[in-house]
Amino acid sequence: MLYVYILIGIFGLACIITMIVASIIEAKKSRISKEIMKPDVLMDCEKKLGEFLESNKISRREDLLRLCQSLNVQIETVPPINRHLNGAEAVIDSSENGYIVRVAENLGVKQRRFAIAHEIGHVVMGDELPVKRNGHGIFIRSKDEQIRDYIAAAILLPRDKFSQLLAEKRFYSLGTKGKNEFIATVSEEFDVDESVVIKRIKECKLLAEIPS
Ligand SMILES: [Zn+2]
């Protein structure tokens, strides 16, 4: 019987430790997220992306694959244990006449597109290539990494195009069911995860609050 109590005790302790670690991670994530989710930070990212696309003579509404063609980004699918990936989902490096993105073959279509767009985000922000893998943790992403994530979402769901869609569908007047249907439809049409669509809605709402 004593063993049972000891086992229950160990299990209970493990649960408490897991909960403490999870709440620390969550607190850190939400703090970083608050740093990013500020209109001026988001506007700065939009400006940087806009200038980058303009300087490369690329439309702000360009599809990801055509954007890759315009920037001469070669995409190579590699096994997840590839030495270049070093545990990441994708990495970007300079090539002779452009860039090469190596992306893990085990990613789904939506994850793969986001990973490629994130890597292009590093180029947009002028990062030294190949990018050092600091801040790419699964649980905690640094502020810089979240900004590259923002750029990825802005490439996949361009602000003008997405805001226009939100207005056309009267998104903010929709009920919960209508909003969920909108999110699911955009996720399928644009090949992005629903979590990216939901975040993009919040970002576009924040950007719309900035007086022009
Ligand atoms: Zn990154």
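Small disclaimer: the values here were computed from a predicted structure and weren't measured.
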Enquirer: Under 3.5 Å, side chain of Arg200 to main-chain N/O of Leu156, donor-acceptor pair present?
Expert: no

Enquirer: Taking the side chain as C-beta and beyond, is there a heavy-atom pair between Pro158 and Asp160 under 4.5 Å?
Expert: no

Enquirer: Would a 4.5 Å heavy-atom cut-off, applied to side chains only, mark Tyr99 and His122 as touching?
Expert: no

Enquirer: Could you identify which residues cluster with Ile81, counting Ile, Leu, Val, Met, Phe, Trp and Tyr as linked when any side-chain heavy atoms lie under 4.5 Å apart, either directly or through a chain of such contacts?
Expert: none

Enquirer: Is the backbone of Ile100 close enough, under 3.5 Å, to the side chain of Gln74 for a donor and an acceptor to pair up by distance?
Expert: no

Enquirer: If I compare all heavy atoms of Ile120 with all of Cys68, which pair ends up nearest, and what's the gap?
Expert: CD1-SG, 3.7 Å

Enquirer: Between Glu89 and Ala115, what is the shortest heavy-atom contact and its length?
Expert: OE1-CB, 4.2 Å

Enquirer: Checking side chain to side chain contact (heavy atoms under 4.5 Å, CB included) for the pair Phe114/Asp193: CA distance, chi angles, key distance, verdict?
Expert: CA-CA 8 Å; Phe114 191 85; Asp193 271 335; over 6 Å; no

Enquirer: Verify side chain to side chain donor-acceptor pair (under 3.5 Å) between Glu46 and Tyr150, making sure each step is shown before the conclusion.
Expert: CA-CA 9 Å; Glu46 290 289 339; Tyr150 178 89; 2.5 Å; yes

Enquirer: Just checking Glu209: does its CD atom have more than 12 heavy atoms from other residues, nucleotides or ligands closer to it than 6.0 angstrom?
Expert: yes

Enquirer: For Glu76 and His84, which I'm curious about, is there any donor-acceptor pair between the side chains at under 3.5 Å?
Expert: no

Enquirer: Give a yes or no on whether Leu207 and Tyr172 share a hydrophobic cluster (residues Ile, Leu, Val, Met, Phe, Trp, Tyr; joining criterion: side-chain heavy atoms under 4.5 Å apart).
Expert: yes

Enquirer: Counting only heavy atoms not in Arg66, do more than 12 fall under 6.0 Å of its CZ?
Expert: no

Enquirer: Contact between Glu62 and Leu53 at the side-chain level, heavy atoms closer than 4.5 Å - yes or no?
Expert: no

Enquirer: Taking all non-hydrogen atoms of both residues, which atom of Arg102 and which atom of Leu85 are closest, and how far apart?
Expert: O-CD2, 3.4 Å

Enquirer: Side-chain heavy atoms nearer than 4.5 Å, only ILVMFWY residues, links allowed to pass through others: does that put Val101 and Val192 together?
Expert: yes

Enquirer: Say whether, by atom type as modelled, one donor and one acceptor occur between the side chain of Asn56 and the main chain of Phe52 under 3.5 angstrom.
Expert: yes

Enquirer: Evaluate Ile201 against Ile183 for side chain to side chain contact (heavy atoms under 4.5 Å, CB included), listing each step before the verdict.
Expert: CA-CA 9 Å; Ile201 292 168; Ile183 291 163; 3.9 Å; yes

Enquirer: Looking only at atom types and distance, does a side-chain atom of Arg170 sit under 3.5 Å from a main-chain N or O of Leu166, one as donor and one as acceptor?
Expert: no

Enquirer: Contact between Asn82 and Val91 at the side-chain level, heavy atoms closer than 4.5 Å - yes or no?
Expert: no

Enquirer: Going through the checks in order, is the salt bridge (Lys or Arg N to Asp or Glu O under 4.0 Å) test met by Glu188 and Lys110?
Expert: CA-CA 9 Å; Glu188 288 314 307; Lys110 292 171 184 171; 2.7 Å; yes

Enquirer: Please tell me whether Gln164 and Arg159 have a donor and an acceptor in their side chains that are separated by less than 3.5 angstrom.
Expert: no

Enquirer: Where is the tightest heavy-atom contact between Cys45 and Ile151, given as atom of each residue plus distance?
Expert: O-CD1, 3.7 Å

Enquirer: Which heavy-atom pair separates Ile36 from Leu42 by the least distance, and what is that distance?
Expert: O-CD2, 3.3 Å

Enquirer: Got Asn180 and Thr176 here, is their nearest side-chain heavy-atom distance under 4.5 Å?
Expert: yes

Enquirer: Is Asn106 close to Pro80 at the side-chain level, that is, under 4.5 Å between some pair of heavy atoms?
Expert: yes

Enquirer: Are Asp127 and Arg148 close enough, and set up right, to give a salt bridge (Lys or Arg N to Asp or Glu O under 4.0 Å), and what steps lead you there?
Expert: CA-CA 10 Å; Asp127 296 339; Arg148 277 73 183 157; 2.8 Å; yes

Enquirer: Below 4.5 Å, heavy atoms only, C-beta onward: do Leu165 and Phe171 meet side chain to side chain?
Expert: no

Enquirer: Are any side-chain N or O atoms of Thr77 and backbone N or O atoms of Val103, one a donor and one an acceptor, separated by less than 3.5 Å?
Expert: no

Enquirer: What are the two closest non-hydrogen atoms of Phe162 and Cys204, and how far apart are they?
Expert: CD2-SG, 3.7 Å

Enquirer: For the NZ atom on Lys169, are there more than 12 heavy atoms of other groups (residues, nucleotides or ligands in this structure) within a distance under 6.0 Å?
Expert: no

